[in-house]
Amino acid sequence: MFALIDCNNFFVSCERVFRPELENKPVIVLSSNDGCAISRSNEAKLLGIPMGAPLFEIRHLVKAYNAEVLSCNFELYGDISSRIMSILQQQCEKVEVYSVDEAFLEYDDSVDWQTEGERLQKHLMQCVGIPISIGFGVTKTLAKLANLQAKASGVVCYLDASTKYHDALKAITVNKIWGIGAKLSKSLRQQAIYTAYDLMTANAKDIRKEYGIIVERIVHELNGQSCIPLTLIQDPKKSIQITRSFATPVKDMAILKQAVARYGFRLAYKLRENSQKTQTLWVYGRNTKFESSNTVLHQRTIILDEPTNDTATIIQHAQSAVEDFFDPKISYSKIGIMALDLHDATLPQQKSIFTPKANDKKDIDKVMDDLNKRFGLGTVRPLSCGESIDWMNKRDHKTPAYTTNWQNIVQVKAK
DNA sequence: TCTGGGGTCCTAGGACCC
DNA sequence: TCTGGGGTCCTAGGACCC
């Protein structure tokens, strides 16, 4: 038996932990650059603010109902998330961290799901103050659907393929199923498959022929036959990217180079964090995708002689890629850098015979990482990253990093 | 005026091998 | 008119997830 734990309105709930006065108020958290609503309190959902709505389209609602608008604070959400996951790992032997706000747990069939679910809800609320929904099911896919019901009803739910639950499955539209997105649900509807029950009772072989192995697996999962096991050990990442939109489009190469240096700096740090090195860099810049005519994507792929996670090397390659593709006629609204072809940095590495002997500066990154871990990322950084960050992101409503920065720590006064 | 960021997996087709 | 059989690896693109 699987359980899916999902934090309710996660980013908003994180903010509410430190701002209890936001309870019962409409609250939204915005994406980077204060662009779109990416987390909404129940009150905000009731106002009709859709997921991903651009702020400028919902301003009238925000104003009319005095909704609280917050910039995203991933430092905070990441920290709360890791607290939640480690608490879950104390409570259950088999935990798969599925996303920042979701985890799958695996249980013995003998466990009383209702008691266990309520216990976990209470425990997490007490430890971190985050409300969660829990769905149990005999497969991951069913646990996901049970979670959907749990969120709607406010109680812990359970699903399996027995007739007892057929009515519940008939009430779930096919697009709500984990792995069935917009395209597939449209296509399935054309085949008269409208609900989870319809897909469950469809012929798996025909589905395989028409839609491939992913949808076939979903059919089996809906029938209670587990095809997607719990992954206890996360595979190493296959790609890492850092990409941002600009607050206002950029036509200045110097600024683009500074931006890509920052992203390269963060990228190299992430690689070292994961004990990985990259041998292929992909650097791109593009104009806005909202002017349908003339969308431009400039890109360069750089294959390195040998894998690296060296900050200076990555920044140099990223900047020369930008110099190379830069076109002064283009207003760049977004640039990014991606590391592909990742290698395990702890393994011995084949050196290239064409690369000159590496100069002995490997300690610089280590010293920089140590300082940045202690005092915050960016405390020590390459000069190419620049000093001012004014031009980069709009974050007009940012909340403090309550749990990860000593300057922002919450003070409690006892009378 | 303004529209997020970071990932994964599968498939088809091409190029190549013996 | 007809042109083998069995593989691997790589890439681009599509679809999905949070």
Side-chain angles (χ1 to χ4, degrees), chain A residues 4-11 28-39 49-60 62 69-74 77-78 81 85 96-104 140-141 144 147-148 174-188 208-218 227-228 231 234-249 263 266-267 270-271 274 276 280 282 284 286-292 295 297 299 301 303 331 333-342 392-396:
Chain A
L4 178 69
I5 312 252
D6 188 321
C7 301
N8 300 342
N9 315 330
F10 182 53
F11 301 163
I28 58 172
V29 171
L30 300 174
S31 61
S32 132
N33 241 353
D34 290 347
C36 305
I38 54 169
S39 181
I49 296 176
M51 181 65 174
L55 180 60
F56 70 90
E57 282 178 12
I58 53 172
R59 255 212 169 101
H60 61 288
V62 168
V69 175
L70 301 170
S71 300
C72 56
N73 184 349
F74 282 101
Y77 315 147
S81 172
M85 298 309 166
E96 172 187 342
V97 177
Y98 177 66
S99 76
V100 70
D101 72 329
E102 283 179 52
F104 283 105
K140 280 180 157 183
T141 303
K144 267 272 195 185
N147 187 281
L148 211 69
V174 75
N175 60 305
K176 302 278 189 198
I177 301 168
W178 188 38
I180 306 291
K183 291 274 162 103
L184 281 171
S185 49
K186 187 180 169 200
S187 172
L188 285 166
R208 165 96 188 218
K209 239 179 260 167
E210 188 82 9
Y211 299 103
I213 194 170
I214 297 184
V215 185
E216 187 200 13
R217 259 198 304 247
I218 292 170
C227 304
I228 310 171
T231 33
Q234 231 32 276
D235 284 342
K237 277 207 190 336
K238 291 167 181 166
S239 70
I240 299 178
Q241 58 177 315
I242 308 284
T243 156
R244 294 281 178 284
S245 303
F246 295 117
T248 45
Y263 307 163
R266 294 209 59 148
L267 183 73
K270 278 195 175 186
L271 285 168
N274 296 347
Q276 288 182 304
T280 305
W282 185 65
Y284 78 93
R286 54 161 233 224
N287 61 0
T288 177
K289 61 181 175 184
F290 295 101
E291 288 162 32
S292 52
T295 54
L297 176 71
Q299 53 179 320
T301 303
I303 300 188
S331 290
S333 66
K334 183 176 191 173
I335 63 168
I337 175 168
M338 190 190 293
L340 302 131
D341 190 12
L342 303 185
M392 235 177 89
N393 284 108
K394 213 167 98 186
R395 279 184 119 183
D396 292 343

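Below, chains carry the letters A, B, ... as their sequence lines are ordered, and counting in each starts from 1.
The listed nucleotides are dG5(B), dG7(B), dC2(B); the one nearest the side chain of Ser32(A) is dG5(B). Here the side chain of Ser99(A) is nearest to one of dT3(B), dC18(C), dG7(B), namely dC18(C).
One interatomic measurement links the two molecules: CG of Leu267(A) to P of dG6(B), which rounds to 10 Å at whole-angstrom precision. Residue Ile337(A) contributes atom CD1, which lies 15 Å from atom C1' of dG5(B) at whole-angstrom precision. Taking atom CG on Asp101(A) and atom C1' on dC18(C), their separation rounds to 7 Å, with Å as the unit. The distance from atom NZ of Lys289(A) to atom P of dC2(B) is 14 Å, rounded to the nearest whole Å. If you measure from atom NZ of Lys140(A) to atom C1' of dC16(C), you get 15 Å, rounded to the nearest angstrom. Rounded to an integer number of Å, the gap from CG of Leu188(A) to C1' of dC16(C) is 13 Å. In this structure, CG of Asp235(A) is placed 16 Å from C1' of dC17(C), rounded to the nearest angstrom. Counting to the nearest Å, the C1' atom of dG4(B) and the NZ atom of Lys334(A) are 7 Å from each other.
Side-chain N/O atoms of Ser245(A) include one lying less than 4.0 angstrom from OP1 or OP2 on dG5(B). Within the structure, a side-chain polar atom (N or O) of Lys270(A) is placed less than 4.0 Å from OP1 or OP2 of dG7(B). For dC9(B), one of the phosphate oxygens OP1 or OP2 lies less than 4.0 angstrom from a side-chain nitrogen or oxygen of Lys238(A). Taking side-chain N and O atoms only, Lys237(A) has no distance below 4.0 Å to OP1 or OP2 of dG6(B). For the pair Lys144(A) and dC18(C), the criterion of a side-chain N or O lying under 4.0 Å from OP1 or OP2 is met. Here Thr243(A) does not reach the OP1 or OP2 of dG4(B): none of its side-chain N or O atoms lies under 4.0 Å away.
Asp34(A) pairs by the salt bridge (Lys or Arg N to Asp or Glu O under 4.0 Å) definition with nothing, not counting sequence neighbours. Under the rule for a ring-ring contact (aromatic ring centres under 6.0 Å, His included), the partners of Tyr77(A) that lie at least two apart in sequence or sit in another chain are Phe11(A), Phe74(A). Legend: residues meeting ring-ring contact (aromatic ring centres under 6.0 Å, His included) with Phe10(A), ordered by chain and number and at least two apart, are absent. Listed by chain and residue number, nothing satisfies the side chain to side chain donor-acceptor pair (under 3.5 Å) test with Ser39(A) (two or more places apart in sequence, or in another chain).
Between the OG1 atom in Thr141(A) and the NZ atom in Lys144(A) there is a gap of 9.5 Å [rounded to 0.5 Å]. How far CG of Asp396(A) is from CG of Asn33(A): 9.5 Å, rounded to the nearest 0.5 Å. Rounded to the nearest 0.5 Å, atoms CG (Leu30(A)) and NZ (Lys394(A)) are 9.0 Å apart. For the atom pair CD1 of Ile240(A) and CG of Leu267(A), the computed distance is 6.5 Å after rounding to the nearest 0.5 Å.
Residue contacts for Glu57(A): at a heavy-atom cut-off of 4.0 Å it reaches no nucleic acid atom on any strand shown. Using a 4.0 Å heavy-atom distance criterion, Phe74(A) is classed as making no nucleic acid contact. Backbone-only engagement by Ile177(A) is indicated by non-hydrogen atom pairs under 4.0 Å involving sugar-phosphate atoms exclusively.
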* Determine, step by step, whether Leu271(A) and Leu342(A) satisfy the side-chain contact (heavy atoms from CB on, under 4.5 Å) criterion, reporting the C-alpha distance in whole Å, the side-chain angles of both residues, the deciding distance to 0.1 Å, and the verdict. => CA-CA 9 Å; Leu271(A) 285 168; Leu342(A) 303 185; 3.9 Å; yes

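With its ring centre under 5.5 Å from that of the base six-membered ring and a plane angle below 30°, Phe290(A) counts as stacked on dT3(B).
Taking the C1' atoms as reference points, dC17(B) lies 15 Å from dG4(C), given to the whole Å.
For the pair Lys289(A) and Thr295(A), the tightest heavy-atom approach, listed with the atom from each and the gap, is CA-CG2, 4.2 Å.
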* Any chance you could list the contact pattern along nucleotides 10-15 of chain C? Use B for base contacts, S for sugar-phosphate-only contacts and - for none, protein heavy atoms under 4.0 Å, 5' to 3'. => -----S

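Scanning DNA chain B for stems, defined as runs of 3 or more consecutive Watson-Crick or G-U wobble pairs whose donor-acceptor distances all fall under 3.5 Å, gives the following ranges: B:5-18 with C:5-18.
Closest-nucleotide positions on DNA chain B for Pro54(A) and Arg208(A) were compared, and the one nearer the 5' end corresponds to Pro54(A).
At distances below 3.5 Å, at least one donor-acceptor pair connects side-chain atoms of Gln276(A) with backbone N or O atoms of Lys237(A).
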